[in-house]
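Worksheet for the structure shown next.
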Amino acid sequence: MIQAIHKRVKGRARYKVNQLYRSPSLARYLERSLANYPEILYVSANSLTSNILVCFQAENSWHDIGLLIDKAVKDYQKFPNLSPTEKVSKSLKKQKLAVNNAQDQKIENWHSITADTVIDILNTSKTSGLSSESATINLTKYGSNILSTIPTRSPVNILIDQFRSLPVALLGAAAGIAIITGGVVDAVVIMGVVGLNAVIGYITESQSAKIIQSLQNREQILTWVIRENQQVEIPTENVVVGDILFLKPGIYIAADARLIEADNLSVDESALTGESIRTTKTTAPASDENIPLANRLNMVYKGTFVTSGEGLAAVVATGKFTEMGKIQQLVNEAISTETPLERQLDQVGSQLVLVGMGICSFVFGLGVLRGYGLVTMMQSSISLAVAAVPEGLPTIATTTLALGIRAMRKNNVLVRSLSAVEALGSVQTICLDKTGTITENKMLVVEIRTTTQQITVGSENINPYTNDELLKLMHISVLCNESEVSQQENGEYVVTGSPTENALINLAISAGVDVIQLRQKYALIETNLRTENRNLMSTIHETNNHHKLIAVKGNPAEMIEICQWGMKNGEILPLTAEDKRAIAIENDRLAGKALRVLGVAYSHIHHDHNGNNHETNLTWLGLVAMTDPIRVGAKKLIGEFHQAGIDTVMMTGDQSSTAYAIAQELELSRNNQLEILDATNLDHLTPEALTTVSDKVNVFARISPSNKLQIVQALQAAGKVVAMTGDGINDAPALKAAQVGVAMGKGGTDVAREVADIVLEDDRLETMIIAVSRGRTIYNNIRKSVHFLLSTNLSEIMVMTTATAAGLGEPLNAIQLLWLNLVTDIFPGLSLAMEAPEPDVLSQPPRNPDEPIIKDSDFGRIMFESATISVSTLAAYSYALLKYGIGARASTVACMTLITAQLLHTISCRSENHSIFSQDKLPNNPYLNTAIIASFAIQLLAVAIPPLRNMLKITPISMIDTAVIGSGALLPFLLNEATKTSDENQKANLSNSSSPRLCASA
């Protein structure tokens, strides 16, 4: 399969691999898989020549290396349907990699060392970077640049956890007592039930764990580095110490690195330091070695991201040795926390254990006083205690959440955490970022206003060479612009950048301006980007004379204040107060049409000018108005949010008048009273005042990234459960702070997707209403399952307690109680967790996040339902006592009645409001139908099969007994459904009486 062609020096050999010819995937696989062997220092495969060059440790022979290559080729053939990356992952599981024995990376005070010294220590270069051979050596030496994964529960631990509960301990005690008293069959049955419960719990929890684990899967992230004099994009996991990172806006920083170049570089380090304000970076060494991370301005860290500017940085730590890696280690060592819902269910379970133990002790005491056998009553009491506690609650909750996540994924909603699913059901306010979320983020210039012209773009041909102001405006718009422009062989332009700046470039191109030549003529010297407190951008350019050109664009209101001159018919004239008022009026007119408006100005300064403020003495050129079309269906979606009782808030960097016009078009206010707040006023508000104001505002205009975070936190301080939607880098802090952060999957940035709790993979905001519906449904379904388990288990306690107190014998023995729980609890409870959304789920207000899963008002309903089932069962039991006396036949009637009633009660628990008598029918639930039919079938088998019948101590039943059992089960079902309809009507009447009425007079 392979052969050594020649060996130049010891530790270096070239091999021929026939299958390599025209197989780039095999080449990549061999390079990545062989690099993980500690014996191999460097490997390079060429699919055109079929050659593979390997550098290896001197103590190894070329023959041994050939065997490793042969093994790698065979491993590749074993996984024909996997990608090269997946093949490597698959084969690594079968090898002991050098990563496991990775050496510790030396810790240096990199921030206190000069950039040149850092480069010397790392043996790298800022222009050429590392060689491929050096990179491979460092990868082998230190391991891959990946964080340690959070440990998950092993299958063995999941299985063992099924036996770590108080109910199982009680059942074990009951089995032990049965063995001591000679009831071996009883003990086998009890432990059989324990085993079956454990198997069912193991299967459901394992499936849930797999679904949740799949949320951690990520697409491979690539990182730009400099290697061998070239900028190349490599997998982030292959970044090594000594690599030179190329930093630009919007990218995640792959590893801890020391800056060696920085050009207006700003980094968001909130993920590491907690500071939401972007940090401006420098290359100068720090004077103090012991300064905190947040003050190390010449360092960048893994997991943070670049917000603006560019830079180069030398990697000094990777993987678990990074600051983020150290935090990850602490996370792995910490005990995983439960979600609020899981904590509530645990609390309910603990309370039921105490109540159940108290009742069962009471039943045991009564039984002994009545003369029943001590051992018999002990077994029955312990079994009753287990019946009182719905041990399936945690399993049902986890399974419901996991299945809900899977269902949402089918609707292109990717949910990253269980807590986000819970929060979705209680979202009260949704903050919508305008650009790219409400709108399509496709800017188009529609109107231009100079001092002498008003031009509607598209309705007339634009020739800027006939008007000096228009030509100058277009030139400045092209120069004060970060979009990259290239030209293909066919003459077409390729414009890459933000939608706003792309729109300005496209306008100039369509008007006949040679933008590439223009930029070459006015070479860029410096760029001053928009900041938190400055809504302007300026660039400085070389000219052919002794001056520099200053190009400025930004918020018109701010631009007017710093312009002293205006251009009219090619002549520079002073800009009077009247001129400024006219510009302001025109700006308001354009903004009132829901257009985004930019002001454009310029100036010249002498080459000898050394001042830092170049944005003075500017000459005004005009206004450029653009539109960003509102997404189709956005208005309808806002209405659906309002119907669901959710307030909608829009955040935008646009002017107040533009934002107000868009909000009016969307009908953003639920009460038709639109309130808008300009973010320039936020700095004058105290946190308390902002909290008060935020609850009344629908639109926040002219906001910055830190303003978004302030607004989200203010709404939360007002007691709101907040969802934040966004797609850009500037949305990331607010996305992370909100209870539910929602990012766009296609058009969004990597940063936004990474910090968000939910990703809309199809970028359709309409999918958000589906997510809210599913979030509410999941919570409601868990409530239904809990309601069912509590009401049915309570009915068993009522039956046993009443019969024992009244001296009516034992309606159900210990084995029957266990069998009843097995038949009626598990599958019906799980089927309720898979209910489809109810028709009115989006017509209800959001739930209060602080309310318990079972409210005080629910207990009254549960008690009523349990009582109806218990009374009906005791009535059937009394009939059997009168006919047959105390014994197996009477117990059989009671057992069958209770089981049938509980299975029918599953239908009642499908909804708190809808009943079988309601006009609006619930969606079909095939899982519930299957669970009820299967449970009935199992019970009939217990009656029909003699060994099982004897074990359960039940007897065959007559037709009359069957009629009594059917009636005893059907009557409580009908009564519960009828009273539910009555409750529904009362609620409707109450709602109608409390709602405002509109009166008309003649």
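Owing to the predicted nature of the structure, the values given are computational and were not obtained by experimental measurement.
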Inset, instruction - Let me see the working for Ser483 and Thr496 under side chain to side chain contact (heavy atoms under 4.5 Å, CB included), right down to the final yes or no. - result: CA-CA 5 Å; Ser483 290; Thr496 306; over 6 Å; no

For [X], does the [atom1] atom sit with more than 12 other heavy atoms under 6.0 Å from it, leaving out its own atoms?
| X | atom1 | result |
| --- | --- | --- |
| Asn123 | CG | no |
| Glu233 | CD | yes |
| Glu484 | CD | no |

Would you say [X] and [Y] make side-chain contact, with heavy atoms under 4.5 Å?
| X | Y | result |
| --- | --- | --- |
| Glu228 | Ser132 | yes |
| Val118 | Ile260 | no |
| Leu247 | Leu265 | yes |
| Asp757 | Val742 | no |
| Thr223 | Ile251 | no |
| Asn238 | Asn145 | no |
| Leu760 | Thr725 | no |
| Trp110 | Ile121 | yes |

Inset, instruction - In plain terms, say whether Asp433 and Lys708 are close enough for a salt bridge, that is, a side-chain N and a carboxylate O under 4.0 Å apart. - result: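 Result for this pair is yes, salt bridge flagged.
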
[X] and [Y]: which non-hydrogen atoms are nearest, and at how many Å?
| X | Y | result |
| --- | --- | --- |
| Asn264 | Thr527 | ND2-O, 2.7 Å |
| Ala135 | Val240 | O-CG1, 3.6 Å |
| Leu245 | Ala257 | CD1-CB, 4.1 Å |
| Ile244 | Ser125 | CG1-O, 3.3 Å |
| Leu312 | Lys126 | CD1-O, 4.0 Å |
| Phe321 | Tyr142 | CE1-O, 4.1 Å |

With a 3.5 Å distance limit and no angle check, can you tell me whether [X] reaches the backbone of [Y] through a side-chain donor-acceptor pair?
| X | Y | value |
| --- | --- | --- |
| Asp263 | Gly309 | no |
| Lys302 | Ala254 | yes |
| Thr140 | Thr136 | yes |
| Asn412 | Glu761 | no |
| Asn138 | Val241 | yes |
| Thr124 | Gly242 | yes |
| Asn298 | Leu259 | no |
| Arg258 | Ile113 | yes |
| Gln231 | Val225 | no |

Inset, instruction - Run the numbers on Leu414 and Arg409 for side chain to side chain contact (heavy atoms under 4.5 Å, CB included), then give the verdict. - result: CA-CA 5 Å; Leu414 175 61; Arg409 182 173 287 183; 3.2 Å; yes

Roughly how far, to the nearest 0.5 Å, is [atom2] of [Y] from [atom1] of [X]?
| X | Y | atom1 | atom2 | result |
| --- | --- | --- | --- | --- |
| Leu709 | Met724 | CG | CE | 9.5 Å |
| Arg764 | Met744 | CZ | CE | 11.0 Å |
| Met408 | Arg774 | CE | CZ | 8.0 Å |
| Arg227 | Leu130 | CZ | CG | 6.5 Å |
| Ser134 | Lys141 | OG | NZ | 11.0 Å |
| Thr322 | Asp256 | OG1 | CG | 5.0 Å |

Legend entry - Steps toward side chain to side chain contact (heavy atoms under 4.5 Å, CB included) verdict (Val239, Ile234): CA-CA 7 Å; Val239 172; Ile234 64 172; 4.0 Å; yes

Inset, instruction - Let me see the working for Leu424 and Ile758 under side chain to side chain contact (heavy atoms under 4.5 Å, CB included), right down to the final yes or no. - result: CA-CA 10 Å; Leu424 267 174; Ile758 292 174; 3.4 Å; yes

